[in-house]
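Structure, as structure tokens:
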Amino acid sequence: MPVKIYNTLSRKKEELQPIEPGHVRLYVCGITSYDYCHIGHARSALAFDMIVRYLRYLGNKVTYIRNFTDIDDKIITRANEQNTTTEELANRFIDEFYVDMDKLGVDRPTMEPKATEHIQEMIDLITELIEKDMAYPAGGDVYYSVNSFANYGKLSGRNLEDMQAGARISVNENKTNPMDFVLWKASKPGEPSWNSPWGPGRPGWHIECSAMSRKYLGSTFDIHGGGQDLIFPHHENELAQSEGANNKPYVKMWIHHGFVTIRDEKMSKSLGNFLTIRDILDHYHPEVLRFFIFSTHYRNPLDFSEAAMQDSMTGLKRLYECLAAVDALEDNCQDKVDSIAGAKDIKKIESLEENFQKAMNNDFNTAQAQGSIFETVKTMNKILRTLPDAPSSEDHKLLQTAAATIKKLAGIMGILQVPAAVYLAVGKAEMLAKTDISEAEILACIEERNQARIDKNWAKSDEIRNNLLEKGIELNDGPKGTGWSVKRS
RNA sequence: GGCGGCGUAGCCAAGCGGCUAAGGCACUGGUCUGCAAAACCAUGAUUCAGCGGUUCAAAUCCGCUCGCCGCCUCCA
């Protein structure tokens with residue numbers, strides 16, 4: 001079953017057919033490193049983490065390149081504000097980026113090139129464009145001439161006339177055409193700069209990706225990814241540079257993910273409505289964020305809210321409860337006992353992996369893939385609740401195999417990777433820390449109450465229970481004794 | 001103004017020409033319990049923003065209308 005991917009370039013879903021069969025080459029635009037990352041960056045990293053994991057799960061080799069932009073206007077401005085160098089600032093936030101990525105359990109790409117370490121490659125590329133008359137130096141800058149590239153606008157579906165009509169472009173006397181964009185920027189005094197044939201300066205934003213992708217993936221590669229806001233101008237310009245210089249198709253498929261929104265507005269620094277990854281991780285388990293992000297298809301907008309995070313938390317817990325129940329199964333099965341699972345149940349459980357793949361092959365539909373896991377869990381719970389104390393070894397094995405499959409598949413989304421009992425216990429401990437009561441005190445109350453219950457002193461029993469409830473502790477009486485949990489506020 | 005996307009049950013969200021319109025959360029009922037809570041089970045759209053059209057067949061394709069959002073400036 002082939003993987004179908006929505007290609008921004010063709011605006012259609014297309015089958016993934018790697019140039020080298022079995023080896024997918026992927027380039028993703030990473031962060032500009034001058035601040036902490038927000039949830040939008042998390043979505044990007046997580047989406048491509050999932051895509052790479054899935055392609056590898058299918059048996060492909062994946063070469064995954066994600067760059068760091070470590071020199072640009074914002075970095076220079078911020079470094080000046082903080083009285084530091086661009087290098088120190090960029091590296092500091094690259095380190096912070098890794099802190100966040102590690103917490104989220106994002107796998108490292110194959111390579112993570114930095115712009116400043118590829119100045120020569122960029123100069124070479126710009127030189128080639130000038131030689132081909134597709135770029136021109138002017139006043140220490142070098143510009144790409146959009147008129148020299150017949151297909152300019154093909155990725156974003158624009159044409160030069162329309163764009164100039166509604167142009168919000170500042171007038172730049174050096175440019176021949178207002179839509180021309182900078183490949184090399186002359187540096188002002190005090191700014192970081194590199195020597196070049198056009199004088200001291202620094203690279204424009206787009207050229208780094210053209211240069212680095214060519215170096216590591218070749219002139220034509222399989223997939224290029226990024227956020228939808230990069231389609232224009234960044235990716236459009238990259239495409240123009242690369243195809244202009246190489247005379248070959250740049251990328252076979254373009255993948256662009258949607259934004260994270262808050263109250264249906266794009267999260268952005270200018271609106272001031274962004275939440276950093278660490279803001280979220282202070283309050284939620286990383287898997288809750290992953291569960292939330294993968295509950296919507298990657299191309300659709302994803303609206304962040306506390307309520308949505310709570311829902312994700314509840315949903316994830318439901319999955320873990322099922323895995324914990326399977327883990328807790330005692331190893332006392334009997335061969336002579338009849339199996340409880342009906343043919344339909346078995347079929348349903350056994351079709352999980354196929355359904356999961358079907359969903360993922362359809363443009364990485366994680367929302368649907370999650371649904372297939374929930375369906376399986378429902379069937380497993382049905383079996384679990386009617387399972388005798390000494391279950392048949394067939395049922396036991398069925399459940400354990402199902403749990404293992406769930407963990408394997410969920411791992412592509414990076415969820416259900418903690419031992420279930422640990423996840424549930426850690427969540428409980430973290431919540432307990434937010435109350436002003438200790439576990440020992442709770443257990444003492446439970447003991448006292450259990451004596452009251454033995455005495456059938458319901459008034460006292462309920463009083464103890466209510467007192468605990470006021471402190472945020474809920475009790476639950478079960479066949480195996482009385483347990484407790486922290487009530488969600 | 002140009003380009004693109006979205007509008008499916010109370011909320012979130014799949015489905016993108018044909019099996020009963022997935023799944024999650026919430027609600028309600030049940031199991032459990034001394035009573036609860038938690039957990040589990042069960043239950044909800046004759047209908048997919050509206051109106052037309054194409055088709056044997058449409059939430060799915062086409063057109064128009066309404067509403068929301070994004071890009072066109074740095075942005076994941």
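Side-chain atoms are counted along with the backbone in the values below, which use heavy atoms only and exclude waters and symmetry mates. Order of the sequence lines sets the chain letters (A, B, ...), proteins ahead of strands, with each chain counted from 1. Because the structure is predicted, anything quoted here is derived from the model rather than measured.
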Charged N to carboxylate O under 4.0 angstrom, D229(A) versus K266(A)?
yes
Could you state the CG-C1' distance from L475(A) to rG34(B), rounded to the nearest angstrom?
15 Å
In whole Å, what is the span from the NE2 atom of H235(A) to the P atom of rC71(B)?
15 Å
So, are D49(A) and R108(A) salt-bridged, with charged N and O less than 4.0 Å apart?
no
Of all residues at least two apart in sequence or in a different chain, which pass the side-chain contact (heavy atoms from CB on, under 4.5 Å) check with V251(A)?
F221(A), H224(A), W254(A)
Should stems be defined as at least three consecutive Watson-Crick or G-U pairs with both distances under 3.5 angstrom, which of them involve RNA chain B?
B:1-7 with B:66-72, B:10-12 with B:23-25, B:28-31 with B:39-42, B:49-53 with B:61-65
I need the CG-P distance between N467(A) and rA37(B), as an integer number of Å.
19 Å
Output the rounded distance in Å from CZ (F259(A)) to C1' (rG70(B)).
6 Å
Start with the C-alpha gap between D72(A) and I75(A), add the side-chain angles, then the distance that decides, and say whether side chain to side chain contact (heavy atoms under 4.5 Å, CB included) holds.
CA-CA 5 Å; D72(A) 91 323; I75(A) 296 175; 3.2 Å; yes
Value in whole Å for how far the P atom of rG15(B) lies from CG of N361(A)
13 Å
Nearest whole angstrom, please: distance from the P of rA76(B) to the CD1 of I51(A).
17 Å
How is D477(A) classified with respect to the nucleic acid when contacts are heavy atoms under 4.0 Å: base, sugar-phosphate, or nothing?
base
Which nucleotide in the list rA39(B), rC74(B), rG34(B) gets nearest to the side chain of K317(A)?
rA39(B)
Select one nucleotide: of rG24(B), rA38(B), rA22(B), the one nearest the side-chain heavy atoms of K378(A).
rG24(B)
Answer with base, sugar-phosphate or nothing: what part of the nucleic acid does R158(A) contact at a heavy-atom distance below 4.0 Å?
base
Give the C-alpha distance, both sets of side-chain angles, the deciding distance and a yes or no for side chain to side chain contact (heavy atoms under 4.5 Å, CB included) between T276(A) and I280(A).
CA-CA 7 Å; T276(A) 64; I280(A) 303 306; over 6 Å; no
Kindly write out the residues that satisfy ring-ring contact (aromatic ring centres under 6.0 Å, His included) with Y284(A), not counting sequence neighbours, or none if the list is empty.
none
Presence of salt bridge, D462(A) and R453(A), under 4.0 angstrom
no
Can you pull out the residues from residues 223-231 of chain A that lie within a 4.0 Å heavy-atom distance of RNA chain B?
G226(A), G227(A), D229(A), L230(A)
Ion pair E191(A)/R202(A), N-O distance below 4.0 Å:
yes
Categorize A308(A) for me: base, sugar-phosphate, or nothing, with a 4.0 angstrom heavy-atom threshold over every strand shown.
nothing
Once you apply a heavy-atom cut-off of 4.0 Å, does K456(A) come out as touching a base, just sugar-phosphate, or nothing?
nothing
Need one value for N362(A): base, sugar-phosphate or nothing, where a base atom within 4.0 Å counts as base even if backbone is also close, heavy atoms only.
sugar-phosphate
Among the nucleotides rG70(B), rC71(B), rA14(B), whichever has the atom closest to the side chain of N365(A) is rA14(B)
Distance test, side-chain N/O of R318(A) to OP1/OP2 of rC41(B), below 4.0 Å
yes
Determine the contact category for K266(A): base if any of its heavy atoms lies under 4.0 Å from a base atom, sugar-phosphate if only primed atoms, P, OP1 or OP2 are that close, otherwise nothing.
base
rU28(B) and rC3(B): how far apart are their P atoms, nearest whole angstrom?
50 Å
Quick one about N159(A) and Y152(A) (side-chain donor to acceptor, distance below 3.5 Å, no hydrogens or angles considered), yes or no?
no
Are E112(A) and R66(A) ion-paired here, with the side-chain N under 4.0 Å from a carboxylate O?
yes
Could you tell me how far apart D72(A) (CG) and rA76(B) (C1') are, to the nearest whole angstrom?
14 Å
Atom CG of D345(A) and atom C1' of rC41(B): how far apart are they, to the nearest Å?
13 Å
Touch check for H38(A), heavy atoms < 4.0 angstrom, all strands: base, sugar-phosphate only, or nothing?
base
Check: S461(A) side chain, rG34(B) base, donor-acceptor under 3.5 Å
yes
Taking any heavy-atom pair under 4.0 Å as a contact, classify R78(A): base, sugar-phosphate, or nothing.
nothing
Ordered by number, residues from residues 293-303 of chain A within less than 4.0 Å of RNA chain B (heavy atoms) are S295(A), T296(A), H297(A), N300(A)
What about H256(A) and Y6(A), are their ring centers closer than 6.0 Å?
no
Side-chain atoms of residues 380-389 of chain A: list all donor-acceptor pairs with protein atoms under 3.5 Å, sequence neighbours left out, distances to 0.1 Å.
{"residue": "N381(A)", "atom": "ND2", "partner": "V377(A)", "partner atom": "O", "Å": "3.4"}
{"residue": "T386(A)", "atom": "OG1", "partner": "K382(A)", "partner atom": "O", "Å": "3.2"}
{"residue": "T386(A)", "atom": "OG1", "partner": "I383(A)", "partner atom": "O", "Å": "3.2"}

Thinking salt bridges, do K185(A) and D73(A) make one under a 4.0 Å N-O criterion?
yes
With no angle test and no hydrogens, is the base of rA36(B) tied to the side chain of R465(A) by a donor-acceptor pair under 3.5 Å?
yes
